[in-house]
Amino acid sequence: GAEGSTLMSYFSKNQIQALKPKITFSTLRDLQCPVLQSNDLQGKPEESCSTAELFEWLGAVLNQVSLDNKSSSFLSTYCCPEPNTVVEKAFLCTITGFIIPEKIIQLLEQLCCYFGEPKLAYWLTLTVHGFADSPVSWRESEHGFHKGGENLYNFVIFRNLDYWLQMAVGAHDDCPP
């Protein structure tokens with residue numbers, strides 16, 4: 001109808017440009033990292049950390065929470081799970097914006113290039129967050145925003161190209177198959 005043609009002329013006159021994603025880089029020095037074994041999801045005492053411990057650690061790192069367990073800290077007394085190793089230099093790249101699945105696949109492929117020569121990284125992660133107040137989540141359900149609006153998945157990719165896929169959704173959301 002008339003409304004549709006008016007909208008079309010508006011959009012053609014005012015060419016809508018997609019917002020460019022915002023990219024920030026930072027280098028984390030002397031970062032305590034959990035020791036992981038790709039074939040051991042549960043972790044083993046003194047050998048490797050579990051997927052749950054990694055997920056918690058990753059949340060602390062991404063939110064720039066100190067990992068040194070100082071009793072004087074009012075924010076957090078969290079410390080890196082055991083066993084851990086100190087990495088001299090870790091790179092953190094954050095891309096904020098509307099990112100289509102094809103671009104995420106491209107990012108994963110580019111990240112795997114870090115496992116080429118020289119072999120510097122043992123593992124790397126890619127975390128994809130949906131907006132906390134997004135109206136949709138996975139499957140057919142609306143996205144429930146009851147407490148935190150959790151809506152994310154995380155790839156952990158190992159040097160041998162094994163990977164873990166971790167997902168977090170709110171209690172009232174469907175989880176993907």
Side-chain angles (χ1 to χ4, degrees), residues 25-95 99 101 104-105 107-116 118-132 134 137-139 141 143-177:
F25 292 96
S26 55
T27 302
L28 308 174
R29 299 200 180 271
D30 300 324
L31 178 68
Q32 279 186 295
C33 291
V35 172
L36 305 177
Q37 298 289 340
S38 63
N39 59 355
D40 199 351
L41 298 169
Q42 304 304 318
K44 283 190 184 133
E46 298 181 23
E47 281 185 39
S48 65
C49 296
S50 70
T51 56
E53 288 173 316
L54 168 77
F55 201 64
E56 188 174 48
W57 172 85
L58 196 57
V61 170
L62 294 178
N63 288 291
Q64 299 176 334
V65 172
S66 169
L67 305 178
D68 53 15
N69 190 18
K70 283 186 181 161
S71 59
S72 60
S73 170
F74 290 103
L75 180 63
S76 171
T77 55
Y78 177 80
C79 55
C80 186
E82 295 279 349
N84 58 55
T85 183
V86 174
V87 173
E88 186 185 323
K89 204 187 284 187
F91 294 107
L92 177 61
C93 172
T94 306
I95 305 172
I99 302 160
I104 292 167
I105 291 166
L107 276 170
L108 272 174
E109 288 170 349
Q110 287 173 352
L111 282 171
C112 287
C113 294
Y114 279 100
F115 294 128
K119 292 182 182 289
L120 298 174
Y122 290 98
W123 51 268
L124 52 86
T125 67
L126 172 68
T127 305
V128 181
H129 279 269
F131 295 105
S134 170
S137 187
W138 285 293
R139 289 197 175 177
S141 291
H143 175 52
F145 186 90
H146 291 273
K147 288 187 180 172
E150 297 85 0
N151 181 18
L152 66 104
Y153 59 91
N154 180 56
F155 280 103
V156 184
I157 306 152
F158 294 89
R159 194 183 274 180
N160 63 1
L161 299 186
D162 282 355
Y163 70 92
W164 298 345
L165 175 59
Q166 300 171 303
M167 299 177 186
V169 292
H172 297 272
D173 291 350
D174 271 341
C175 213

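The first residue in the sequence is number 1, and the count goes up from there. Given the structure is predicted, the values throughout are model-derived calculations rather than measurements.
- Annotation: side chain to side chain contact (heavy atoms under 4.5 Å, CB included) contacts of Leu161 (sequence neighbours excluded): Cys112, Phe115, Ile157.
- When side chains are defined from C-beta on, Leu36 counts as touching Phe158, because their heavy atoms get closer than 4.5 Å.
- Between the Trp123 side chain and the Ser38 main chain, no donor and acceptor come within less than 3.5 Å of each other.
- To the nearest 0.5 angstrom, Trp57 atom CH2 is 8.0 Å from Leu62 atom CG.
- Interatomic distance, SG of Cys93 versus CG of Leu111, reported as 8.5 Å (0.5 Å rounding).
- Listed by chain and number, the residues in a side chain to side chain contact (heavy atoms under 4.5 Å, CB included) with Asn154 are Phe55, Leu58, Thr125, Thr127, Val156, Gln166 (sequence neighbours excluded).
- Considering only residues two or more places apart in sequence or on other chains, Asp40 meets the side chain to side chain contact (heavy atoms under 4.5 Å, CB included) condition with Gln37, Gln42, Lys44, Ser48.
- Closest approach of Cys33 to Val87, counting heavy atoms only: SG-CG2, 3.6 Å.
- Across every non-hydrogen atom of Cys49 and Trp164, the tightest pair is O-CH2, 4.5 Å.
- In this structure, CG on Leu28 lies 11.5 Å from NZ on Lys89, to the nearest 0.5 angstrom.
- For the ring-ring contact (aromatic ring centres under 6.0 Å, His included) test, residues two or more places apart in sequence or in another chain that qualify with Tyr163 are Phe155.
- Separation of atoms CZ (Arg159) and CG (Leu124) is listed at 10.5 Å; rounding is to 0.5 Å.
- Applying the side chain to side chain contact (heavy atoms under 4.5 Å, CB included) test to Val35 and every residue at least two apart in sequence or in another chain returns Pro83, Thr85.
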